[in-house]
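Heads up, the thing below is written out as structure tokens.
Computation of the quantities below employed the complete heavy-atom set of this structure, encompassing side-chain atoms and omitting hydrogens, waters and symmetry-equivalent molecules. Counting from 1, the numbers follow the sequence of the chain as shown. Order of appearance sets the numbers: ligands from 1, and atoms from 1 within every ligand.
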Amino acid sequence: MGELRKIIHIDMDAFYAAVEQRDNPELQGKPVIVGGSPQGRGVVTTCSYEARRFGVHSAMPAARAIRLCPHAVFVRPRFDVYRSVSRQIRAIFHEHTDLVEPLSLDEAFLDVTANKRAIPSATLIAREILRAIYDRTGRLTASAGVSFNKFIAKVASDYHKPHGITVVTPQQAQAFIAALPIRKFFGVGRVTEEKMHRLGIRSGADLLPYSEEELVRHFGKVGHFYYRIARGRDNRPVQPHWIRKSIGKETTLQADIDDVDQMLAILTALGEKVVAYLEREKRQGHTLTLKVKYHDFQSVTRSVTLPEPVQDLETLLDHLPRLLAATDAGPRKVRLLGISVSNFSDEGGRRVRLRQLPLPLEPPPSASGFRDACPVTADGF
Ligand code: TTP
Ligand code: MG
């Protein structure tokens with residue numbers, strides 16, 4: 001294992017709803033629901049903490065939300081405003097490091113092991129970032145998790161929401177993971193959670209007696225991940241999009257299918273997401289790859305490289321049927337479908353910069369006002 005890394009995961013609090021409350025003072029302090037109409041079949045995109053107290057949450061039908069919280073104010077999302085706030089917070093992240101991996105508009109991993117201002121403590125950096133976000137976005141708040149790997153940092157950022165910082169040092173990691181409900185583990189949705197419960201696994205501690213082979217037998221490939229993560233090991237690097245060599249999306253189907261039209265419909269939905277991501281990240285890739293995993297877990301990929309970048313859904317739709325026809329999908333049932341775009345035209349143009357830092361400077365004075373009971377530790381967390 002290499003040097004211990006310092007990873008921060010930042011996540012804005014009630015992001016869309018907080019932006020709406022910021023921009024309309026009448027909404028402040030009120031239960032605000034951002035999403036579709038409660039009259040139609042709309043769903044809740046997100047809601048303010050005031051609304052969460054009534055049990056309202058993301059992805060809930062808006063009609064149900066209004067029954068739980070009849071005095072809630074419904075607002076339509078304004079994505080262009082959220083995108084511009086997202087750009088603002090990313091600029092703040094880049095003041096500290098270029099190793100920034102955005103996960104969505106409101107969330108990112110930062111590797112601050114080496115950081116531009118040579119601040120020796122990751123906790124201090126997290127405080128600086130939260131304060132800068134608050135000051136420069138018109139009092140929007142974020143929460144942060146600080147640790148030595150991505151998994152723990154991400155889980156930790158949820159612990160003292162809103163406007164909280166949670167630090168998990170290497171010494172604390174084993175106890176932290178042991179106490180973690182299994183639902184909090186990566187990739188554990190309701191179905192896997194039930195399966196875990198049937199095996200008597202309710203927390204990270206319950207994973208420990210299982211061997212790697214047993215976990216793989218029960219859960220497939222992700223079993224390797226559970227085995228390692230239960231021991232606090234996660235060496236996935238923070239991958240800025242300019243390092244990432246491909247952008248893709250795949251989905252495991254609820255049941256194996258043999259209907260080619262259905263496959264194309266699923267691929268179209270995946271394609272929409274990939275195209276939206278490419279556009280947001282301003283990336284232009286020339287190679288389109290289709291991935292198919294058959295019911296017996298054998299996978300194949302089929303690719304096409306185009307003179308023009310893959311930028312719109314039409315281009316994808318032009319090529320996907322042919323790529324799919326070049327597989328055995330249909331005659332052989334399929335359990336997973338995926339699309340990715342690679343071979344970016346900006347590759348090589350931008351080089352990976354990992355800065356070597358001078359000796360640490362004095363840390364800046366610490367910010368106050370956060371729900372941050374975390375002392376800065378001597379080992380740099
Ligand atoms: P989240 O970070 O999951 O939620 P949040 O920021 O609203 O609240 P929290 O304080 O718990 O972090 O998602 C960020 C934004 O992404 C959210 O404001 C709206 C959007 N979103 C969706 O569009 N659909 C979803 O299902 C979820 C969960 C979020
Ligand atoms: Mg959030």
**Message:** With the threshold set at under 4.0 angstrom, would you say M12 reaches ligand 1 through any of its heavy atoms?
**Reply:** yes
**Prompt:** Does ligand 1 have any atom sitting under 4.0 Å from a heavy atom of Y49?
**Reply:**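 A heavy atom of Y49 does come that close to ligand 1.
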Would [X] count as a polar contact of ligand 1, with the cut-off being nitrogen or oxygen pairs under 3.5 Å?
X   : answer
S58 : no
A17 : no
A14 : yes

**Prompt:** For E279, does the CD atom sit with more than 12 other heavy atoms under 6.0 Å from it, leaving out its own atoms?
**Reply:**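 Counting neighbours around CD of E279, 12 or fewer heavy atoms of other residues, nucleotides or ligands fall under 6.0 Å, so no.
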**Message:** Would you say NZ of K273 has more than 12 non-hydrogen atoms from neighbouring residues, nucleotides or ligands within 6.0 angstrom?
**Reply:**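 Counting neighbours around NZ of K273, 12 or fewer heavy atoms of other residues, nucleotides or ligands fall under 6.0 Å, so no.
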**Message:** Taking the cut-offs as 6.0 angstrom to the six-membered ring centre and 45 degrees off its axis, would you call R90 and F93 a cation-pi pair?
**Reply:** no
**Prompt:** Within 45° of the axis and under 6.0 Å from the centre of the six-membered ring of Y227, does NZ or CZ of R231 qualify?
**Reply:** yes
**Asked** Hey, which atoms in ligand 1 end up nearer than 4.0 Å to a heavy atom of F15?
**Response** 5 (P), 6 (O), 7 (O), 18 (O)
**Item:** Contacting atoms of ligand 1, where contact means under 4.0 angstrom from a heavy atom of D13
**Value:**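 Checking each atom against D13, I get 10 (O).
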Would you call [X] and [Y] a salt bridge, taking side-chain N to carboxylate O under 4.0 Å as the test?
X    : Y    : value
K293 : E250 : no
K30  : E50  : no
D13  : K161 : yes
R332 : D296 : yes
K116 : E95  : no
K154 : D11  : no

Starting from [atom], locate the nearest protein heavy atom and write down its residue, its atom name and how far away it is, to 0.1 Å.
atom                    : value
atom 23 (O) of ligand 1 : T45 CG2, 3.0 Å
atom 1 (P) of ligand 1  : D106 OD2, 4.1 Å
atom 18 (O) of ligand 1 : Y16 N, 3.0 Å
atom 4 (O) of ligand 1  : T46 OG1, 4.3 Å

**Asked** Does K161 approach ligand 1 within less than 4.0 angstrom via side chain, backbone, both or neither, non-hydrogen atoms only?
**Response** side chain
**Message:** Can you tell me which portion of R52 lies within the under-4.0 Å heavy-atom range of ligand 1? Options are side chain, backbone, both, or neither.
**Reply:**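 It is the side chain that touches ligand 1; the backbone stays farther off.
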**Asked** Does H71 have its ring centroid less than 6.0 Å away from the ring centroid of F54?
**Response** yes
**Message:** Please tell me if atom 6 (O) of ligand 1 is touched by the protein, where touching means a protein heavy-atom distance below 4.0 Å.
**Reply:**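 Yes, at least one protein heavy atom sits under 4.0 Å from atom 6 (O) of ligand 1.
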For residues 215-224, run the donor-acceptor check on the side chains, cut-off 3.5 Å, and write out each pair with its distance to 0.1 Å, sequence neighbours left out.
{"from": "H224", "atom 1": "ND1", "to": "E212", "atom 2": "OE2", "distance (Å)": "2.9"}

**Request:** Provide the protein N, O or S atoms situated under 2.8 Å from the Mg ion (ligand 2); waters are not included.
**Result:**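 Correct list: D11 OD1, M12 O, D106 OD2.
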**Asked** Any idea how F151 and F225 line up, ring-wise: parallel (<30°), tilted (30 to 60°), or perpendicular (>60°)?
**Response**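 Taking F225 first and then F151, their aromatic rings stand perpendicular (interplane angle over 60°).
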